[in-house]
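Written out below as structure tokens is the structure these notes cover.
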Amino acid sequence: MVMTSINVGALVEKARVAAGLSQRALADATGISQPTLSRIISGDRVAKLPEIVAISWATGCTVAQLTGVSSVAERAQCAARATNGSGMADMRDALLHFLELDDYLDEQAVPATM
């Protein structure tokens with residue numbers, strides 16, 4: 001799957017800045033070359049979903065936040081009780097991140113392992 005929206009570049013840039021990373025630091029953290037990352041951000045190159053996943057891990061954003069697509073978040077409902085001072089929003093974001101990754105792996109027909 002290839003992310004084709006020019007908005008993805010702007011969302012990646014917003015996530016990069018929010019994470020306090022330079023383009024070089026984000027490139028190093030993701031394994032994406034800095035020139036390729038720059039082209040993704042500028043909209044001159046479409047981002048492939050594996051690249052979006054790597055960027056999401058490096059910036060702490062969800063795939064949905066980087067793509068503007070929120071299919072998992074729209075389907076997921078969660079309830080939890082924070083007992084260790086964790087914020088509910090942080091817990092929900094972490095859960096959605098894993099659910100989006102699981103959805104991606106299902107979409108790519110990657111089998112679950114035990």
Inset, instruction - Give, for atom OG of Ser22 and atom CD of Gln34, the distance between the pair rounded to the nearest 0.5 Å. - result: 8.5 Å

Inset, instruction - State the OG-CD distance between Ser33 and Gln23, to the nearest 0.5 angstrom. - result: 10.5 Å

Inset, instruction - Find the distance between CD1 (Ile41) and CD (Glu13) and round it off to the nearest 0.5 Å. - result: 4.5 Å

Legend entry - For Ile52 against Thr67, the heavy-atom pair lying closest together: CG2-CG2, 3.8 Å

Legend entry - Contacts of type side-chain contact (heavy atoms from CB on, under 4.5 Å), residue Ala29, not counting sequence neighbours: Ala58

Legend entry - Results of side-chain contact (heavy atoms from CB on, under 4.5 Å) for Glu51 - residues two or more places apart only: Ile32, Thr36, Ile40, Arg45, Ala47, Lys48

Inset, instruction - Taking the side chain as every heavy atom from C-beta outward, state whether Leu49 and Val63 have any atom pair closer than 4.5 Å. - result: yes

Inset, instruction - With sequence neighbours excluded, tell me which residues meet side chain to side chain donor-acceptor pair (under 3.5 Å) with Asp28. - result: none

Inset, instruction - Can you see which heavy atom on Leu21 is nearest to which on Thr59, and at what distance? - result: CD1-CG2, 4.5 Å

Legend entry - Path from Leu37 to Trp57 over hydrophobic side-chain contacts below 4.5 Å: yes

Inset, instruction - Compare all side-chain heavy atoms of Ser56 with those of His97 and state whether any distance is below 4.5 angstrom. - result: yes

Legend entry - Donor-acceptor pair, side chain of Ser38 and main chain of Pro35, under 3.5 angstrom: no

